[in-house]
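Proteins come first, then strands; the chains are lettered A, B, ... in the order of their sequence lines, and each starts at number 1.
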Protein chains: 2
Amino acid sequence: MEKQVISDTSLRCFAGYALKRAFNSVQADVNATLAPLGLRMLSFSALAVIAENPGLRQSQLAGALSIERPNLVIVLDDLEQRGLIVRDRVPSDRRAYALRLTDDGGRVYQLAASAVQAHDARMTSGLSKVERLAMIDALRRIETANTKEQPDG
Amino acid sequence: MEKQVISDTSLRCFAGYALKRAFNSVQADVNATLAPLGLRMLSFSALAVIAENPGLRQSQLAGALSIERPNLVIVLDDLEQRGLIVRDRVPSDRRAYALRLTDDGGRVYQLAASAVQAHDARMTSGLSKVERLAMIDALRRIETANTKEQPDG
DNA sequence: TATTGTTATACTCTATAACTATA
DNA sequence: TATAGTTATAGAGTATAACAATA
């Protein structure tokens, strides 16, 4: 019956801890939102960048998403097998693929983008517009500060 | 030579995407900070909550950290084997363990807390105090809004 | 030599089901 | 029956090394 309250004051003052908890809670929910379309957060992000930059290469996409090239391969394999994207050979460089959405891929992306936008609005419904934008800006600055911390290893 | 710039404007407006990128960049760096002490972000968090709530049980710790009980076991096994924590039997309930830090555990935790605090300050060095606190508060509200979204499944 | 995409592999985090020993 | 801790297992994300084809 001892319903002792557990405190975590010392952790709560760390931005990194707040970041982890918020991300964990959001990640599962975004994936649940995208599941009906057969997408995950990562595959949706890939579709978005391809939609915005048709003809880009896999290594460029990996760079834009800040993931390693090998991790992108299975994501693109899946999207390609389902007919959502196409890997076109690049005539000028036969090692590379130019990525673009198919018509189906474009439609699925539009549906997914709407779903994600609605989810994002719901997720940040406790914040004002200003607070929401300030948070996104702060997150970007944290990301930048962190990645440029190790300039040359 | 085509150093084409890849845009991700459509993704950048999603708070969830900013969250993911910031967390990914931070997670690796926190773990690198804690590596010399043989800790990860999760084991450090466990130490912090045990330090703050000596005698708490594993299920209470799991609840405080928002992780499932099974995932905590190996973390505590490791901390116990290294002599940083103790699992005391609870006389009133012989199923449960009361967790506490050893003297060594207390020392390692203090070192780790200093390192994490320094890292956190560096990570948020691009933010003013007000911005930093506002961001942490916003993250907590997002976490809360998201977890209470599914009240009973 | 360097780069593109690929394969293989490993590690971490998270989640669920089922077990044991207690209650 | 219900709970505390455990075991086993699975899925997803991320990372590195090494390879073939091409530059």
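- Proximity of a side-chain donor or acceptor of A/Gln60 to a complementary backbone N or O of A/Arg57 within less than 3.5 Å is detected.
- Contact annotation: A/Arg57 side-chain N/O to D/dT22 OP1/OP2 distance is not under 4.0 Å.
- To the nearest angstrom, C1' of D/dT9 lies 12 Å from CD1 of B/Ile74.
- The distance from atom CD1 of B/Ile67 to atom P of D/dA4 is 15 Å, rounded to the nearest whole Å.
- Contact annotation: side chain of A/Asn71 to base of D/dA15, donor-acceptor pair present below 3.5 Å.
- The CZ-C1' distance, from A/Arg21 to C/dC13, rounds to 15 Å in whole Å.
- One finds the OH atom of B/Tyr97 at 15.0 Å from the CG atom of B/Leu61 (value rounded to the nearest 0.5 Å).
- Looking at heavy-atom distances under 4.0 Å, B/Arg89 makes no contact with the nucleic acid at all.
- B/Leu42 places its CG atom 11 Å from the P atom of C/dA15, with the value rounded to the nearest Å.
- Rounding to whole angstrom units, CG of residue A/Leu76 and P of D/dG13 are separated by 13 Å.
- Which of D/dA23, D/dT14, C/dT6 sits closest to the side chain of A/Gln58 comes down to C/dT6.
- Other residues, nucleotides and ligands place no more than 12 heavy atoms under 6.0 Å from the CZ atom of A/Arg140.
- Here the nucleotide nearest the side chain of A/Arg94, chosen from C/dT6, C/dA23, D/dT22, is D/dT22.
- In this structure, a donor-acceptor pair under 3.5 Å is present between the side chains of A/Ser7 and B/Glu52.
- Positionally, the nearest nucleotide of DNA chain D for B/Arg95 lies more toward the 5' end than for the other of B/Asn24 and B/Arg95.
- Checked for salt-bridge contact, A/Asp78 and A/Arg40 miss the test: no charged N lies under 4.0 Å from a carboxylate O.
- Here C/dT14 presents its C1' atom at 13 Å from CZ of B/Arg69, a figure rounded to the nearest Å.
- For A/Glu68, the listed nucleotide lying nearest its side chain is D/dA15; candidates were D/dA15, D/dA4, C/dT22.
- Toward the 5' end of DNA chain D, the nearer of the two residues A/Pro91 and A/Pro70, judged by each one's closest nucleotide, is A/Pro70.
- For B/Tyr97, taking side-chain heavy atoms from C-beta onward, the closest of the listed nucleotides D/dG5, D/dT14, D/dA17 is D/dG5.
- Sequence order on DNA chain C of the closest nucleotides to A/Ser59 and B/Arg40 puts A/Ser59 first from the 5' end.
- Between the CE atom of B/Met41 and the P atom of C/dC13 there is a distance of 10 Å, rounded to whole Å.
- Residue B/Asp93 places no side-chain atom within donor-acceptor reach of the base of D/dA4, judged by atom type and a 3.5 Å distance cut-off alone.
- Separating the CZ atom of B/Arg87 from the P atom of D/dA4 is a distance of 15 Å, rounded to the nearest angstrom.
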